[in-house]
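Throughout, protein chains are lettered first and strands after them, A, B, ... in sequence-line order, and every chain is numbered starting at 1. The structure presented is a predicted model; accordingly, all values stated were derived computationally and were not measured.
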Amino acid sequence: MKVTLPDGKTIDLPEGGSAFDVARQIGPGLAKAAIGGIVSGGVVGDGNDGHVVDLHAPLQGDCHLSLLTTKDEDAESLLLLRHSTAHVMAEAICKLFPETKLAYGPPLEDGFYYDLDCPQVITPDDFARIEEEMARIIKEDRRFTRYDLDRSEAMSKLEGEGNRFKVDNAERAEGDVLSFYITGENRGTDFEDLCRGPHIPSTGRIGAFKVRQVSGSYYRGDVNEQQLQRVYGTAFFKKKSLRVWEQRLIEAQKRDHRMLGKQLDLFTISPDVGSGLVLWEPNGAIVRMMLENFIKAELILRGYKPVFTPHIGRLDLYRTSGHYPYYEDSQFPALYETDRGRMLLCLRNLVKRAQEEHAGPRQDEATGKVRIFATAIQSVFDDLTEFDPSADLENQRQVVEDALMHEEGYLLKPMNCPHHIHIYKASPHSYRDLPVRLAEFGTVYRYEQSGELGGMVRVRGFTQDDAHIFCTPDQVSDELRNTIELTQLVLSTLEFKDYRVRMGMRDPDSDKYTGDPKLWDRAEQQLRDITADMGIDATEEKGEAAFYGPKIDFVVKDCIGREWQLGTVQIDYSLPERFDISYVGTDNCDHRPVMIHRAPFGSMERFVGILIEHFAGAFPLWLAPIQVAVATISEKSLEYGRKVHDQLAEHGVRVILDSGSDKIGPKKHRLRAQKIPYILVVGENEAAEETVNINDRDGATMGSFPLANFVEWCFIEIQTKGRSRHESLTARERSS
RNA sequence: GCUUCUGUAGCUCAGUGGUAGAGCGCGUCCUUGGUAAGGACGAGGUCAUGGGUUCGAGUCCCAUCAGAAGCUCCA
């Protein structure tokens with residue numbers, strides 16, 4: 001058969017030849033380095049193009065082949081290596097904890113994990129033992145050996161082993177033949193695992209590895225399923241790569257906004273105030289204020305009208321919008337106005353708790369409490385006659401919820417849209433007024449699960465740079481374009497280049513969405529059209545839509561690679577319907593407007609959190625909490641230092657004077673640690689010449705320039721948000 | 001919410017069941033200095049909180065609160 005290589009050359013191979021044989025023909029070096037192949041254009045395995053195959057698997061006829069080698073730079077090679085390392089780790093864990101049942105162990109972008117069910121709790125203390133065991137397996141350089149069984153034979157083998165996860169995996173696998181990999185060559189005695197493969201040729205190819213962490217995971221990602229232990233690790237071909245990777249992790253952690261937030265006094269979160277509630281310290285507040293000022297100016301230019309609305313609203317408002325009680329679990333508890341309302345809520349919770357108990361004495365106790373409480377409400381309020389303590393719990397719950405439905409109360413607002421809709425409703429609108437664009441930095445509260453909270457990026461109270469656009473169906477495209485452009489402007493101004501755009505569509509199988517499917521289809525198509533038209537590379541993701549409409553999200557990664565949604569643009573045909581809002585058209589009839597929800601920053605908390613990491617705390621001049629520090633050489637230059645400070649302050653520059661008794665070296669060191677963009681050293685020479693000696697926070701010294709020039713350069717750099725920076729302020733050489 | 005880990009000075013962290021520690025930061029003094037850490041002295045602690053075991057608990061056990069990683073969720 002003919003095997004075509006990436007450079008176009010072809011190699012003749014006898015039937016049954018493998019990728020290894022190809023490598024050997026090319027050269028002994030390659031044969032030694034090869035660990036697998038990528039086959040395309042031939043009939044191999046399931047016939048998919050770009051299929052990775054075992055190095056020693058026979059090739060199935062003419063094909064294109066590129067060889068995978070022990071290169072840490074090659075993502076495919078690493079996936080192969082890490083998948084195999086997962087097997088090695090699984091074997092090590094099974095040896096140490098023989099009762100372990102393996103579930104699922106895939107490679108990841110930067111490592112691998114294995115989900116397993118083990119009666120003993122695996123803790124970081126066990127990692128050293130696991131690694132020792134793994135090192136032994138690797139030293140033995142055991143060959144990964146594949147064997148196939150037909151489905152029925154495989155199933156009875158797996159059922160015999162009594163591992164329900166593997167039986168389940170096998171049932172879900174496609175094809176009539178299931179494959180197993182032995183870590184070694186002795187079937188029956190060496191470790192083996194049901195596995196689709198492929199694998200590296202032998203364990204000896206694993207050059208460096210590390211067991212990283214352990215955590216819980218739900219089997220098949222289902223909260224109602226059994227919780228397994230997930231052990232994470234990573235692997236490389238070369239030891240040096242592992243060291244580089246570890247070093248990069250450490251570097252990344254230095255950018256962590258929680259760390260920098262403390263160091264630079266940007267924000268704090270106090271358990272005394274409440275978890276997930278951000279306290280902006282003066283330094284962080286300046287960054288936020290500058291961002292707000294920036295976008296406020298843009299909003300005025302783009303025809304937005306500022307509005308202000310309160311932090312709470314009536315429950316009925318959110319019953320209408322669909323937020324309550326649908327999102328009840330992720331909201332701070334409703335504030336019912338009457339004792340009856342509060343009691344009914346309490347009764348409802350008791351019923352819910354009873355429902356969650358499994359039948360038995362605990363449930364009997366819970367239903368007993370329900371009965372006592374219901375009787376109390378009935379006699380105290382002379383009410384709730386329709387409640388039947390002998391009815392089933394679901395029925396009881398329905399009765400209580402119906403009674404609750406008419407109770408008045410308030411909710412901390414989880415979204416700004418209902419308030420804005422009522423501003424729209426406050427006056428009649430004709431098609432001539434549209435689009436109406438109402439903008440507000442609106443603070444909303446959501447009771448996020450405790451395990452989700454993190455720094456500023458996932459919190460329970462946050463401020464959206466929110467606006468709602470009410471427009472005619474014809475205006476949707478233009479408005480979408482404008483809002484997307486505004487979001488792009490925000491990202492480019494803040495020098496974000498590495499972000500992705502996600503179109504969140506509805507999941508047709510879910511019941512969480514409101515509104516007419518035809519309008520959904522229309523809205524989704526409008527999103528596709530506008531991104532295509534604007535040349536935006538966007539991925540479509542099912543199930544990522546809001547309950548009222550599809551959306552476009554701008555997503556960035558934090559310092560440890562987790563993705564976060566910042567800006568968002570959402571089309572909404574549902575809420576206008578629910579709130580029955582309208583405008584008068586050219587035909588003098590009422591028509592339904594379309595709403596666009598949009599927030600270019602998303603939330604100020606999350607955005608600033610990500611921004612801290614993006615700049616590693618070294619904000620551009622226009623955002624820096626302290627823009628300039630004046631550092632005196634000695635008391636002899638103190639008077640001049642004051643003059644420099646005052647002159648900058650008069651020009652609106654945020655400047656501090658450091659006249660402490662440190663020598664200039666340590667003084668600069670401390671100011672640099674505060675990430676102040678410019679440090680002006682002033683001594684007797686500068687005082688005599690009315691100059692300042694300019695230094696930046698990275699350690700470069702730009703030299704001495706007249707004070708008046710520096711003031712002007714600073715002014716320009718601030719005004720242009722860093723797009724224009726005088727060449728004298730740009731370090732040509734870094735001293736570090 | 002679930003699993004695991006963690007909680008000691010303002011920050012970063014040591015600490016073997018037997019007197020509470022370091023570096024940085026902070027304050028005072030000496031030094032009046034020229035670009036990556038000068039010197040001396042000092043203040044600063046209910047060892048997250050509440051129970052328990054023990055002659056004795058920062059250390060062991062339980063609970064609560066908070067934080068981290070992952071899972072699940074995210075209007």
Side-chain angles (χ1 to χ4, degrees), chain A residues 113 115 121-126 212-232 253 256 258-259 262-265 268-272 274-276 318 321-324 326-327 329-331 413-418 444 446-455 458-459 464 504 512-514 543-549 551 553 560 562 564-565 568 570 572 574-575 597 631-638 660-673 679-686 693-695 698-704 735-736:
Chain A
Y113 66 79
D115 277 351
V121 171
I122 298 171
T123 76
D125 293 338
D126 299 314
R212 266 193 326 134
Q213 57 169 323
V214 57
S215 65
S217 72
Y218 301 105
Y219 182 58
R220 299 182 52 74
D222 183 345
V223 221
N224 301 312
E225 261 286 4
Q226 181 179 347
Q227 188 152 24
L228 305 169
Q229 301 192 63
R230 176 173 294 182
V231 186
Y232 285 87
Q253 277 161 7
D256 191 313
R258 292 164 294 195
M259 204 82 90
K262 261 182 206 161
Q263 265 167 40
L264 304 176
D265 298 319
T268 187
I269 295 171
S270 161
D272 293 338
S275 27
Y318 301 104
S321 71
H323 290 99
Y324 192 82
Y326 184 79
Y327 279 107
D329 285 346
S330 29
Q331 284 161 358
K413 70 177 174 187
M415 285 194 86
N416 299 305
C417 22
V444 297
R446 299 177 185 174
Y447 194 80
E448 305 285 3
Q449 300 186 77
S450 59
E452 299 307 337
L453 298 172
R458 192 80 188 264
V459 293
Q464 297 174 312
K512 86 172 213 188
Y513 306 100
T514 73
E544 289 292 319
F547 73 84
Y548 47 73
K551 55 180 188 159
D553 293 330
I560 52 173
R562 293 177 295 203
W564 299 98
Q565 169 201 320
T568 181
Q570 313 175 350
D572 179 3
S574 302
L575 292 184
H597 309 233
T632 54
I633 297 277
S634 76
E635 279 175 17
K636 289 176 193 153
S637 48
L638 176 55
S661 65
D662 285 324
K663 293 219 261 185
I664 194 62
K667 191 181 278 195
K668 262 184 71 177
H669 174 77
R670 263 191 278 283
L671 293 168
R672 274 207 307 270
I679 299 163
L680 305 181
V681 174
V682 295
E684 289 170 276
N685 301 341
E686 286 76 14
N693 185 272
I694 307 173
N695 300 259
D698 298 320
T701 298
M702 270 77 83
S704 288
S735 61
S736 61

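Contact check for V682(A) versus I633(A): no side-chain heavy atoms found under the 4.5 Å cut-off. Contact check for E686(A) versus S637(A): no side-chain heavy atoms found under the 4.5 Å cut-off.
Considering CD1 of I664(A) and OG of S634(A), their distance stands at 9.5 Å, rounded to 0.5 Å. Separation of atoms OG (S275(A)) and CD1 (I269(A)) is listed at 8.5 Å; rounding is to 0.5 Å. Distance NE2/H669(A) to NZ/K663(A): 15.5 Å, rounded to 0.5 Å. Between L680(A) atom CG and M702(A) atom CE the span is 9.5 Å, to the nearest 0.5 Å. Separation of atoms CZ (R230(A)) and OG (S215(A)) is listed at 6.5 Å; rounding is to 0.5 Å. Within the model, atoms CG of N695(A) and OG1 of T701(A) stand 4.0 Å from one another, a figure rounded to the nearest 0.5 Å.
When distances run from any side-chain atom of K512(A) to the nucleotides A66(B), A75(B), G34(B), the shortest one goes to A75(B). For F547(A), the listed nucleotide lying nearest its side chain is A75(B); candidates were A69(B), A75(B), U32(B). Distances were taken from every side-chain heavy atom of P271(A) (C-beta onward) to each of U72(B), A66(B), U4(B); the shortest belongs to A66(B). Comparing atom distances between the H323(A) side chain and each of C5(B), A75(B), G34(B) picks out A75(B) as nearest. Nearest nucleotide to the side chain of Q213(A), out of A75(B), A69(B), C5(B): A69(B). Of the candidates A66(B), C5(B), A75(B), C5(B) carries the atom nearest the T123(A) side chain, counting heavy atoms from C-beta on. With distances taken from any side-chain atom of R258(A) to the nucleotides A68(B), C74(B), G70(B), the minimum falls on A68(B).
Residue-to-nucleotide contacts include no donor-acceptor pair under 3.5 Å from the side chain of Q263(A) to the base of G10(B). A donor-acceptor contact under 3.5 Å links the side chain of N693(A) to the base of U35(B). In this model, no side-chain donor or acceptor of R212(A) finds a partner on the base of A69(B) within 3.5 Å. Side-chain N/O atoms of S330(A) and base N/O atoms of A75(B) include a donor-acceptor pair closer than 3.5 Å. One donor-acceptor pair, N or O on each side, does fall under 3.5 Å between the base of G1(B) and the side chain of Y218(A). Under 3.5 Å, the side chain of Q449(A) and the base of U72(B) form at least one donor-acceptor pair of N or O atoms. In terms of polar N and O atoms assigned as donor or acceptor, the side chain of R458(A) comes within less than 3.5 Å of the base of C74(B) in a complementary pairing.
Residue-level contact check: E225(A) touches neither bases nor backbone, having no heavy atom under 4.0 Å from any strand. Among the atoms of the strands shown, only primed sugar atoms or phosphate atoms (P, OP1, OP2) are found under 4.0 Å from some heavy atom of S275(A). Residue G683(A) is in base contact, counting any heavy-atom pair closer than 4.0 Å across all strands shown. Residue S634(A) is classed as a base contact, given a heavy-atom separation below 4.0 Å to a base. Contacts of G451(A) with the nucleic acid, taken as non-hydrogen atoms under 4.0 Å apart, include base atoms. Within 4.0 Å of G703(A), counting heavy atoms only, lies no atom of the nucleic acid at all. Residue contacts shown for Y113(A) are absent, as no nucleic acid heavy atom lies under 4.0 Å away. Residue contacts for V681(A): at a heavy-atom cut-off of 4.0 Å it reaches a base atom on one of the strands shown. Among the protein residues, K668(A) comes within range of the nucleic acid bases, having at least one heavy atom under 4.0 Å from a base atom. Base contact: S450(A) has a heavy atom under 4.0 Å from a base atom. Residue P414(A) is in base contact, counting any heavy-atom pair closer than 4.0 Å across all strands shown. Across all strands shown, L453(A) has heavy atoms under 4.0 Å from sugar-phosphate atoms exclusively, and none from any base. I560(A) comes within 4.0 angstrom of the backbone, heavy atoms only, and of no base. D222(A) comes within 4.0 angstrom of nothing in the nucleic acid, heavy atoms only.
On the P atoms, A69(B) is 31 Å away from G23(B), given to the nearest whole Å. Here the separation of C73(B) from A57(B), taken at their C1' atoms, is 40 Å to the nearest Å. Distance noted for atom C1' between G25(B) and U12(B): 11 Å (whole Å). Rounded to whole Å, the P atom of A14(B) lies 16 Å from the corresponding atom of A22(B). C24(B) and A66(B) have their P atoms separated by 35 Å, with the value rounded to a whole Å. Look at the C1' atom in both C26(B) and A9(B): the space between them is 11 Å, to the nearest Å. Nucleotides U59(B) and A63(B) are separated by 16 Å at their P atoms, to the nearest Å.
Of the side-chain N and O atoms in K636(A), none sit less than 4.0 angstrom from OP1 or OP2 of G34(B). Remark: R562(A) is in phosphate contact with A69(B), judged by side-chain N or O atoms under 4.0 Å from OP1 or OP2. The phosphate of G39(B) has neither OP1 nor OP2 within less than 4.0 Å of any side-chain N or O from K663(A).
Note on ring orientation: taking the six-membered ring where Trp is involved, the planes of H323(A) and F547(A) are perpendicular (angle over 60°, cut-offs 30° and 60°).
Taking a cutoff of 4.0 Å between a charged side-chain nitrogen and a carboxylate oxygen, R458(A) and E452(A) qualify as a salt bridge. One finds no salt bridge joining D222(A) and R220(A) here, because no Lys/Arg side-chain nitrogen approaches an Asp/Glu carboxylate oxygen to under 4.0 Å.
Between the side chain of K668(A) and the main chain of I679(A), no donor-acceptor pair closer than 3.5 Å is present.
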Atom pairs, protein N/O to nucleotides 24-29 of chain B N/O, distance under 3.5 Å:
{"from": "G25(B)", "atom 1": "OP1", "to": "R670(A)", "atom 2": "NH1", "distance (Å)": "2.4"}

For nucleotides 40-49 of chain B, print each protein N/O atom paired with a nucleotide N/O atom at under 3.5 Å, atom names and distance only.
none

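Counting to the nearest Å, the P atom of U32(B) and the CG atom of L638(A) are 16 Å from each other.
With respect to K551(A), the side chain to side chain donor-acceptor pair (under 3.5 Å) criterion is satisfied by exactly one of Q565(A), H597(A), Q570(A): Q565(A).
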